[in-house]
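In what follows, a structure is listed as structure tokens, so that the remarks can point back to it.
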Amino acid sequence: MSGRGQVSFRNIARTYGNFAALKGVDFDIREGEFFALLGPSGSGKSTTLRILAGLDAPTAGQVLIDGQDVTAVDARDRDIAMVFQSYALYPHMTVAQNIAFPLEMSGHSKAEIGPAVHDAARKVKIEHLLDRKPGQLSGGQQQRVALARAIVRKAKLFLLDEPLSNLDAKLRLETRAELKKLQRALGVTAVYVTHDQEEAMTLADRMAVFMGGEIQQIGTPAEVFAKPNSIDIAGFIGNPPMNLIPARYVDGDVTIGGHRLKTDSTLTGERDVVVGLRPGALRAASDGVPARVDLIEDLGDTAILDLDCAGTLLRMRVSDIEIPNEGDTIKVTARPQDVHLFDPATKARL
Amino acid sequence: MTGKRLRIIAVMAVSLIFLLAWAFPILWSVLNSLKTDQDVLAYPPKLLFAPTLDAYRDVLFGSSSILPNLVSSMIISVGTTIITMVMAVPAAYALARLRFRGKKAAGFYVLVTQMLPPVGIIIPYFMILRNIGWIDTYQGIILIYLSFSLPFAIWLLVSYFEDIPFEMEEAAYLDGASRMKTLWRIIIPQVRGGIAVTVVFVFLNAWNEFLFAVVLSGNTVRPVTVAMFNFVSVEQTLWTKLAAVSVLAMLPVIILGVVAQKHIVKGLTVGAVKGGGRR
Ligand SMILES: Nc1ncnc2c1ncn2[C@@H]1O[C@H](COP(=O)(O)OP(=O)(O)O)[C@@H](O)[C@H]1O
Ligand SMILES: [Mg+2]
């Protein structure tokens with residue numbers, strides 16, 4: 001018996017009719033890890049999570065939990081707790097009864113259930129709501145009940161499908177931080193589905209980026225942010241995402257708007273490329289590319305500039321002390337190590 | 001201000017007219033059931049008279065007591081209701097969860113069967129029951145009633161089941177509940193209102209049914225709706241007794257209405273509000 005909550009997906013495919021929702025997904029989740037499945041809507045994240053939970057069956061491939069093939073194991077017997085996007089609380093039961101339900105189903109005695117329910121409620125700060133019905137709670141409170149119901153059983157895997165998407169922005173940020181602390185404190189393996197790259201970046205130990213039913217990249221948020229594998233990922237990660245500009249590459253240099261920019265690439269020869277530049281990696285320099293400031297989005301401590309660089313839109317993040325005026329022309333450049341290169345045909349990183 | 005008050009008065013007046021029109025037959029029955037045989041024939045009708053319970057005593061404990069008929073009606077109605085619900089609840093649940101082609105059309109045809117004129121099918125039903133020797137039996141009448149109440153009950157219940165998101169069942173499943181436990185602990189409690197409404201309608205339909213009962217019943221099994229006409233004969237109509245039986249026959253209906261009032265009103269309005277937006 002290996003650890004608790006270690007997961008392996010072995011070449012999982014899922015088709016609905018002729019439509020391939022998952023095209024061979026293959027990855028591991030380590031014990032105790034906070035693992036995010038990130039990707040745009042419809043990319044197959046929920047399908048992957050539901051296959052792990054046993055709510056959906058793969059057309060091909062295996063799911064292993066702690067080294068054991070559970071592909072054919074019933075959802076009830078997988079020892080998995082899940083928080084649904086809709087929370088799926090039982091409306092006719094009180095909060096306490098909702099939280100107690102999984103324990104009741106696994107045959108715990110009343111004497112065990114009472115303290116366990118209070119303990120779980122305390123961890124998510126809803127002890128004062130135990131006698132209410134879900135319909136009498138705010139969205140944020142309902143979300144906490146769903147969390148409490150999921151953690152009360154101390155399952156070995158904790159699955160969350162867009163659990164914060166129904167909360168308002170402020171509450172989302174607060175809950176996000178608490179969620180991470182909770183997972184740390186419980187030491188449980190968490191698999192977290194989200195389409196919000198910022199959520200995945202802040203929460204996850206590692207993440208898998210889904211695109212069109214396939215995983216395009218797996219790594220820590222920092223790794224994926226630093227070296228996106230493809231144009232699609234580059235355009236998806238970061239807020240605002242990377243500037244992607246078609247350009248000509250010649251022996252280590254690229255030409256943008258008639259201006260040369262050094263890269264750290266060692267490729268020789270000449271070819272078409274797509275250059276990726278993070279808004280935060282652009283900086284002002286007297287020998288940079290001239291660009292006109294079209295629009296300034298002031299975010300308080302930073303600002304996002306929309307630059308017109310010989311007809312190409314470039315977005316640049318600047319700190320509040322260096323905000324120019326709209327209509328000004330500034331000169332921008334980037335360090336060679338900040339210039340990402342992609343193949344326009346295959347979309348892969350060069 | 002005055003316009004508003006006028007409107008309220010107008011609404012009240014119209015409501016009162018409808019209430020009187022609706023309540024008149026009931027009042028008529030109640031009043032006549034409390035009169036003597038002389039008072040009931042007086043013209044103009046007496047509104048003030050010495051009330052008596054003679055008619056009730058006669059129809060309940062007299063020579064032609066309708067007590068056995070009330071019992072028959074009760075057995076038929078309760079039997080029909082129980083069997084209908086035991087079969088309709090799982091069927092409606094399954095129907096709500098299943099996806100198959102022609103589901104919508106199936107629902108429509110169920111409704112159409114409810115609109116067939118009963119006289120059109122009463123003869124075949126009579127012949128079938130006669131052939132298997134089920135005329136004038138409880139199982140015969142209940143079987144025929146089931147053929148109406150079951151589709152109706154399923155059709156009514158399906159919409160309540162459809163309102164429960166499937167995710168809730170999946171949550172229960174992951175929480176370790178079996179399919180039966182999920183049905184009993186998660187699903188059924190949420191459709192209690194719908195079940196109450198359905199029980200009331202099925203029971204009342206069976207209790208009030210007359211046309212099939214008159215053809216398919218006999219001397220052993222004779223529900224009160226049929227037996228009532230013992231008091232109407234060629235020579236005379238026993239008005240006070242007829243009125244007393246009417247009141248007795250209405251009593252369960254009124255009691256059920258009062259008891260289940262909350263559920264019925266809620267069930268009907270929920271059905272009405274959601275019905276419009278349903279797929
Ligand atoms: N039961 C189903 N029947 C048909 N298509 C489905 C079903 N479930 C999911 N899909 C399709 O599979 C794709 C992936 O869905 P999903 O995993 O839910 O995406 P997401 O990444 O947004 O969670 C979508 O295009 C969706 O329409
Ligand atoms: Mg999803």
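Numbered from 1 within each chain, the chains take letters A, B, ... in sequence-line order.
Interface remark: A/Ala75 contributes backbone and side-chain atoms alike to the contact with chain B (heavy atom separation under 4.5 Å). Neither the backbone nor the side chain of A/Leu159 comes within less than 4.5 Å of any heavy atom of chain B.
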Could you please show the donor-acceptor pairs under 3.5 angstrom between chain B and chain A, with distances rounded to 0.1 Å?
unit_1: B/Glu167; atom_1: OE1; unit_2: A/Ser86; atom_2: OG; d: 2.3
unit_1: B/Glu170; atom_1: OE1; unit_2: A/Arg50; atom_2: NH1; d: 2.8
unit_1: B/Glu170; atom_1: OE2; unit_2: A/Arg50; atom_2: NH1; d: 3.2
unit_1: B/Glu170; atom_1: OE2; unit_2: A/Arg50; atom_2: NH2; d: 2.7
unit_1: B/Ala172; atom_1: N; unit_2: A/Tyr90; atom_2: OH; d: 3.1
unit_1: B/Tyr173; atom_1: OH; unit_2: A/Asp74; atom_2: OD1; d: 3.4
unit_1: B/Tyr173; atom_1: OH; unit_2: A/Asp74; atom_2: OD2; d: 3.0
unit_1: B/Leu174; atom_1: O; unit_2: A/Arg153; atom_2: NH2; d: 3.3
unit_1: B/Asp175; atom_1: OD2; unit_2: A/Tyr90; atom_2: OH; d: 2.7
unit_1: B/Arg185; atom_1: O; unit_2: A/His92; atom_2: NE2; d: 2.7
unit_1: B/Arg185; atom_1: NH1; unit_2: A/Glu104; atom_2: OE2; d: 2.7
unit_1: B/Arg185; atom_1: NH2; unit_2: A/Glu104; atom_2: OE2; d: 3.1

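Nearest heavy-atom pair, A/Val83 versus A/Ala146, reported as atom, atom and distance to 0.1 Å: CG2-O, 3.9 Å.
Side chain of B/Thr137 to backbone of B/Trp134: a donor-acceptor contact under 3.5 angstrom is found.
More than 12 heavy atoms of other shown residues, nucleotides or ligands fall within 6.0 angstrom of atom CE in B/Met250.
Counting only heavy atoms from C-beta outward, the side chains of B/Phe148 and B/Ile121 approach each other to under 4.5 Å.
Here the OH atom belonging to B/Tyr145 is positioned 11.5 Å from the OG1 atom belonging to B/Thr81, to the nearest 0.5 angstrom.
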Evaluate A/Phe27 against A/Val25 for side chain to side chain contact (heavy atoms under 4.5 Å, CB included), listing each step before the verdict. CA-CA 7 Å; A/Phe27 67 105; A/Val25 166; 3.4 Å; yes
Given side chain to side chain donor-acceptor pair (under 3.5 Å), test B/Ser149 with B/Thr80 step by step and report yes or no. CA-CA 8 Å; B/Ser149 64; B/Thr80 302; 6.0 Å; no
